[in-house]
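Since the structure comes first, as structure tokens, the remarks are kept for the end.
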Amino acid sequence: MNELEKQLEEIKKRIDEKISEVGTRDNEQIKQLEQRTVALEQQIALGKLPKREQEKNAVYREVAECMKNKRAITLSNTGGVNLINDLVEIISDKKDILSLARVEVGASAATKIPIISSGAAIPSKSAEGGTVTEDSSIAMDTCEIDPYTWSSVIPVTYEALLLSGANIEAKIPELLYGAFRTAMYNGMITGTGASSTIKGIFASVPAANLIECAAAGLPTKEDLKKLAIKIKSKNFAAPCIVIGTEVYDAVTAAPVGYDPIYNSLVSETPNILSIPVYVCAGSPADTTAGKVIAFAGEMSNYAFGIASEVTIDVLKKVGDTKTYYQALMAFSGKCINEKNNY
């Protein structure tokens, strides 16, 4: 038993003695002793955490302290990396299209973040003492992502700031996640890459890879099947198709008689030819010739580059009891290898 644990046992003993003496827990001295036990228990728990968890909690305590004292804070180096890593973990835990993308962390907003695709050459047989033929059909591709600064204002109530440090600390990653996730999602789906914006998946399909619908207007089940056959022929490890709600409504029109494609598309996990179909809000529905309204490819081919520096500024508004925190992060996203998109 270490020194902190000894102190904790001693205080608990004093609480029991005091309760026996006064016959109730509703006593100011007992309340003060109980507050000390909570603080000691937190210290003991932190001491037993792995080094990574201790560093992370130290960062959150620092942020929480600055929030309570209404001071600006910039997290960089280890602090920024810990916060960004937690943000990435939260994004990955959500079972949606955004969680399928790759995320790389760079040093700062001034750093180009290199991304290497996961494609590898197919192994080939080689005779003893023979030579190995290079397979150039599946090459390693590298691209660089330039992070751009994004900001979001997070309002925190006066009551929330009075919570214990542990409660505020636990909420910090979720606050940042909620603030920036929508920007990442929108960029991934609708981004054009123009004017320093994120370049999304629909804007990353080469003209040579476009598959025309059989007729004008929204696609049909047969059009979607043709896209699925094309992507299936590429032998990707984890292909998927992404469409919007309007397109999904069109391809799931009530069939006449038994229709296996319809049944697959309206199942709990929509798919076509066993390829997952993600119905994503905000996906395009413009049926003008040449416009992309259904995407097929591997989401691991899409990457976000996030700088490991986070700045949180404090803003106050006259007559408002809330404190506003302007969080600044630098990130961007794009497809690593656009020729694998259809």
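From a predicted model like this one, the values you see are computed outputs, not experimental measurements.
- Thr190 is not listed as a side-chain neighbour of Tyr185, based on a closest heavy-atom distance of 4.5 Å or more.
- Contact detail for Gly217 and Thr287: the closest heavy-atom pair is C-CG2, 3.6 Å.
- Atom CD in Glu298 sits 7.5 Å away from atom CD1 in Ile231 (nearest 0.5 Å).
- Two residues are said to be in side-chain contact when any heavy atoms from C-beta on lie closer than 4.5 Å; Tyr278 and Met299 fail this criterion.
- Counting only heavy atoms from C-beta outward, the side chains of Asn263 and Tyr258 approach each other to under 4.5 Å.
- Between the side chains of Asp223 and Thr220, at least one donor N or O lies within less than 3.5 Å of an accepting N or O.
- Linking ILVMFWY residues whenever their side-chain heavy atoms come closer than 4.5 Å, directly or via other members, places Tyr342 and Ile275 in the same cluster.
- In this structure, CD1 on Ile261 lies 12.5 Å from OG1 on Thr252, to the nearest 0.5 angstrom.
- Distance check, rounded to the nearest 0.5 Å: CD1 of Ile145 to NZ of Lys334 gives 6.5 Å.
- Phe331 is not listed as a side-chain neighbour of Val103, based on a closest heavy-atom distance of 4.5 Å or more.
- Closest approach of Ile336 to Ser300, counting heavy atoms only: CD1-O, 3.9 Å.
- Here the closest non-hydrogen pair linking Pro239 and Ala237 is CD-C, 3.7 Å.
- Of all non-hydrogen atoms in Pro219 and Ile293, the two that sit nearest each other are CD-CD1, 3.3 Å.
- Transitive grouping of hydrophobic side chains (ILVMFWY, heavy atoms separated by less than 4.5 Å) keeps Val242 and Leu273 in distinct clusters.
- How far NZ of Lys199 is from OG of Ser332: 11.0 Å, rounded to the nearest 0.5 Å.
- Two residues are said to be in side-chain contact when any heavy atoms from C-beta on lie closer than 4.5 Å; Asn340 and Lys234 fail this criterion.
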**Request:** For salt bridge (Lys or Arg N to Asp or Glu O under 4.0 Å), just list the numbers for Lys13 and Glu10, CA-CA rounded to whole Å, side-chain angles, deciding distance to a tenth of an Å, and then say yes or no.
**Result:** CA-CA 5 Å; Lys13 185 178 176 181; Glu10 181 62 30; 5.3 Å; no
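- The hydrophobic clustering, which links ILVMFWY residues whose side-chain heavy atoms are closer than 4.5 Å, places Val292 and Ile243 apart.
- Side-chain contact between Asp286 and Phe202 is absent, with no heavy atoms from C-beta onward closer than 4.5 Å.
- The CD1 atom of Ile272 lies 7.5 Å from the OG atom of Ser264; values are rounded to the nearest 0.5 Å.
- Using a 4.5 Å heavy-atom threshold, the side chains of Asn341 and Ile201 count as separate.
- No continuous path of hydrophobic side-chain contacts links Ile189 to Val277 [ILVMFWY only; heavy atoms under 4.5 Å].
- The two residues Tyr302 and Ile198 make their nearest non-hydrogen contact at OH-CG2, 3.0 Å.
- No single ILVMFWY cluster, assembled from side-chain heavy atoms under 4.5 Å apart, contains both Ile229 and Phe295.
- The shortest non-hydrogen separation linking Val247 to Pro284 is CG2-O, 4.3 Å.
- Contact check for Phe304 versus Met188: side-chain heavy atoms found under the 4.5 Å cut-off.
- In this structure a side-chain-to-backbone donor-acceptor pair under 3.5 Å is missing from Asn301 to Cys335.
- Of the inter-residue distances, the one linking Lys226 atom NZ with Cys213 atom SG reads 7.5 Å to the nearest 0.5 angstrom.
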